Amino acid sequence: MLRIADIKENLPKVTKGLEKKGVADAAAQLGELVKLDDLRRKTQMEMDAALNESKTISKQIGVLMQSGDKEGAEKAKAQTGELKSKSKNLQDQLKEAEEQLTQMLYNLPNIAHDLVPEGKTPEDNKIVLENGTMPELAENAKPHWDLIEQYDIIDFNLGNKISGAGFPVYKGKGAKLQRALINFFLDEAAKAGFDEVQPPIVINTDSGYGTGQLPDKEGQMYGIVDSDLFLIPTAEVPITNIYRDVMLKEEDLPVRNVGYTPCFRREAGSWGAHVRGLNRLHQFDKVEIVQITLPENSYAALEDMCTYVESLLEKLELPFRKLLLCGGDMGFTSAMTYDMEVYSAAQKKWLEVSSVSNFESYQANRLKLRYKKDGQSTLLHTLNGSALALPRIVAAILENNQSDKGIAVPKVLQSYTGFDLID
RNA sequence: AGAGAGUUGGCGGAGUGGUCGAACGCGGCGGUCUUGAAAACCGUUGUACCGUGAGGUACCGGGGGUUCGAAUCCCUCACUCUCUGCCA
């Protein structure tokens, strides 16, 4: 979340950044925040004074008791009654002010970077790169939902029976292709200098707040009955939360982690007839890269991560484009986000397969993730990106690589799959 | 899952109601000594919030309570260890 001190110091900039993000009443909300913070400080001053006074008397009572002056002690005790209720009141007020302040800050998104384009909808995103050649498909080319049935590699009906819609069963060469992609992505990341971790796929509420899924996206996560735990919507949550309440050393930076996990999303409200096959699932596999950097290095790291993700798409021989998201289309916690979209030729659609974001210190502030800079604790910057999400990659491979003979497996994957054709 | 024992500063470990933010040891940092280093000795060494500052307040796993006063007593939750049970 944003820091109240920063907000007060840069009010116009924060207002603008929030408005770009789509917070219509930003100025009013910030005004409220500033007022609340002033109240908080004033209350603390009064409370500290009251506590100081009663503490002093208490110490005197201790001394009097020890010297055997019971009367004096009783007299002193009488003085504390009023102070006690006063400081208790102030304490309650302070707590309330702090709670309100935190609530408001929790519900305030990160501010957009200056270079983020204005806009409200995906149409306002800026295409910054197009790469690869568009496949030319035969007249009778099929969308992937038909191909998976034809080759019997993914079974939605079976998933319906076991779990429900959006939980497919991968079979035979389909299952092997999944495993191949996961291993390929992990190996590539390792080569690029990311340290592999395998985190839990359920998280507690502290972790949810740490990276900003709570309270913003509670409805998007699957909760676990009777336990205050959630299934992760992305590995970003458990991996980044490794560093919650951590003071890193400058020489440890940058931290670069990669992890594979399944991801679970309710996708409440976004389910519709236009979302077919692998385009949107409740459970999907993803390899995620996470970086923690010095503040001054985070935008260079963002570019590096994009370059890395692009290299994966090139190796898979998939045509893709890179978008710089406009303020209105960005995630709650992000300061700048690039999306990577592959072209899925039979359904003639661009599919988002990666989202690479710089959160600056927004998550770090919630996480209390810091390092010592000249003896001062300073918030670090966090970043993450999909590298990559599987289902839509699979959709694009199936559609783009289809022919009469079957579906050609990209060369880089063949040593992982053990076959070069799905037929 | 049941029974018991724990959780104190970077680490180890005292402290069971009163000047305790916390003895002592280790580690870290600074210094003396040394050509340099080691050893020895001296000093210093948590975090956050409030305050222009002097300084103040809070924090001994989390939350709540008793008390003039809580690391210390009570309740509750979480976690760790040991034993029993169950299990991949």
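It should be emphasised that the depicted structure is a prediction, and the values quoted were computed from it without experimental measurement.
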Next on the checklist: Using a 4.0 Å heavy-atom cut-off to protein, can you give one letter per nucleotide of nucleotides 51-60 of chain B, 5' to 3': B if the base is in contact, S if only the sugar-phosphate is, - if neither?
Outcome noted: S----BSS--
Next on the checklist: What is the separation between atom CG on A/L101 and atom C1' on B/rC49, rounded to the nearest whole Å?
Outcome noted: 12 Å
Next on the checklist: Between C1' on B/rG61 and CG on A/N204, what's the gap in Å once rounded to a whole number?
Outcome noted: 15 Å
Checklist entry - Say you pick atom P in B/rC60 and the same atom in B/rA71; how far apart are they, in whole Å? => result 7 Å
Checklist outcome for this item: Exactly one of A/R266, A/H282, A/R265 clears side-chain hydrogen bond (donor to acceptor under 3.5 Å, both in side chains) with A/Y222, and that residue is A/H282
Checklist entry - When you look at A/R366 and A/T211, which way does the side-chain contact (heavy atoms from CB on, under 4.5 Å) test go after all the steps? => result CA-CA 7 Å; A/R366 291 194 178 190; A/T211 35; over 6 Å; no
Next on the checklist: Is there a side-chain contact (heavy atoms from CB on, under 4.5 Å) between A/I232 and A/V202? Walk through the geometry before answering.
Outcome noted: CA-CA 6 Å; A/I232 56 168; A/V202 295; over 6 Å; no
Checklist entry - Just how far, in rounded Å, is P of B/rG62 from CZ of A/R244? => result 14 Å
Item to check | side-chain contact (heavy atoms from CB on, under 4.5 Å) assessment of A/M104 paired with A/E32 | outcome: CA-CA 9 Å; A/M104 283 192 75; A/E32 191 72 17; 3.9 Å; yes
Checklist entry - Are A/R3 and B/rC49 close enough that a side-chain N or O sits under 4.0 Å from OP1 or OP2? => result no
Item to check | C1' spacing across the pair B/rC59 / B/rA22, given as an integer number of angstrom | outcome: 12 Å
Checklist entry - Is it true that a side-chain atom of A/K20 and a backbone atom of A/I111 form a donor plus acceptor pair closer than 3.5 Å? => result no
Item to check | A/Y299 vs A/H113, ring-ring contact (aromatic ring centres under 6.0 Å, His included): CA-CA, chis, key distance, verdict | outcome: CA-CA 10 Å; A/Y299 279 95; A/H113 188 277; 4.6 Å; yes
Checklist entry - More than 12 heavy atoms of other residues, nucleotides or ligands under 6.0 Å from CD of A/E46: is that the case? => result yes
Item to check | Gap in Å between the two P atoms, one belonging to B/rU84 and one to B/rA14, rounded | outcome: 27 Å
Next on the checklist: If I take atom CG in residue A/L64 and atom P in nucleotide B/rG17, what distance separates them, rounded to the nearest angstrom?
Outcome noted: 20 Å
Next on the checklist: I'd like the C1' distance from B/rU82 over to B/rG31, given in whole Å.
Outcome noted: 48 Å
Item to check | Between B/rG13 and B/rU7 - P atom distance, rounded Å | outcome: 10 Å
Checklist entry - Under 30°, 30 to 60°, or over 60°: which ring-plane class applies to A/F332 and A/Y362, parallel, tilted or perpendicular? => result perpendicular
Item to check | A/N10 (side chain) donor-acceptor with A/K13 (main chain) under 3.5 angstrom | outcome: no
Please produce a list of atom pairs where a protein N or O lies less than 3.5 Å from an N or O of nucleotides 64-70 of chain B.
| from | atom 1 | to | atom 2 | distance (Å) |
| --- | --- | --- | --- | --- |
| B/rG64 | OP1 | A/K95 | NZ | 2.7 |
| B/rC68 | O4' | A/T80 | OG1 | 3.4 |
| B/rC68 | O2' | A/S58 | OG | 2.9 |
| B/rG69 | O4' | A/S58 | OG | 3.3 |

Checklist entry - Between atom CD in A/E99 and atom C1' in B/rG63, what is the gap in whole Å? => result 12 Å
Item to check | Atom-pair distance (CD on A/E251; C1' on B/rG28), nearest Å | outcome: 13 Å
Next on the checklist: Using whole Å, what does the distance between atom P of nucleotide B/rU47 and atom CG of A/L379 come to?
Outcome noted: 15 Å
Below 3.5 Å between N/O atoms, which protein atoms pair up with nucleotides 44-46 of chain B? Just atom names and distances, please.
none

Item to check | Under the 3.5 Å Watson-Crick or G-U criterion, the dot-bracket string of RNA chain B, with | for inter-strand pairs | outcome: ((((((((.[[[..)..(.....]]]((((((.......))))))(((((....))))).[[[[[..)....]]]]])))))))....
Dump the pairs, protein N or O against N or O of nucleotides 76-80 of chain B, anything under 3.5 Å, distances to one decimal.
none

Item to check | Spacing of A/D228 atom CG relative to B/rG63 atom P, expressed in whole Å | outcome: 17 Å
Next on the checklist: Among residues at least two apart in sequence or on other chains, which ones pass side chain to side chain donor-acceptor pair (under 3.5 Å) with A/Q150?
Outcome noted: A/K142
Next on the checklist: Centroid separation under 6.0 Å, is that true for the rings of A/Y260 and A/F185?
Outcome noted: no
Checklist entry - Is A/K171 salt-bridged to A/D152, cutoff N-O under 4.0 Å? => result yes
Next on the checklist: Please give the distance between the C1' atoms of B/rG4 and B/rG10 as a whole number of Å.
Outcome noted: 31 Å
Checklist outcome for this item: Per nearest nucleotide of RNA chain B, the residue lying toward the 5' end, A/I4 or A/V63, is A/V63
Checklist entry - Which of parallel (below 30°), tilted (30 to 60°) and perpendicular (above 60°) describes A/F184 and A/Y416? => result perpendicular
Checklist entry - Would the number of heavy atoms belonging to other residues, nucleotides or ligands and lying under 6.0 Å from NZ of A/K8 be above 12? => result yes
Next on the checklist: Under 4.0 Å from OP1 or OP2 of B/rU47: is there any side-chain N or O of A/S377 that close?
Outcome noted: no
Next on the checklist: Between B/rG63 and B/rA78, how many Å separate the two C1' atoms, rounded to a whole number?
Outcome noted: 10 Å
Next on the checklist: Tell me whether A/Q414 contacts the main-chain N or O of A/V409 through its side chain, where contact means a donor paired with an acceptor under 3.5 Å.
Outcome noted: yes
Item to check | Charged tip of A/K173 within 45° of A/F419 ring normal and under 6.0 Å | outcome: yes
Checklist entry - Any chance CD of A/E71 has more than 12 other-residue heavy atoms, nucleotides or ligands included, within less than 6.0 Å? => result no
Checklist entry - Rounding to the closest angstrom, what is the interatomic distance between B/rC33 and B/rA37 at atom P? => result 12 Å
Next on the checklist: Salt bridge or not between A/K249 and A/E251? Use side-chain N to carboxylate O under 4.0 Å.
Outcome noted: no
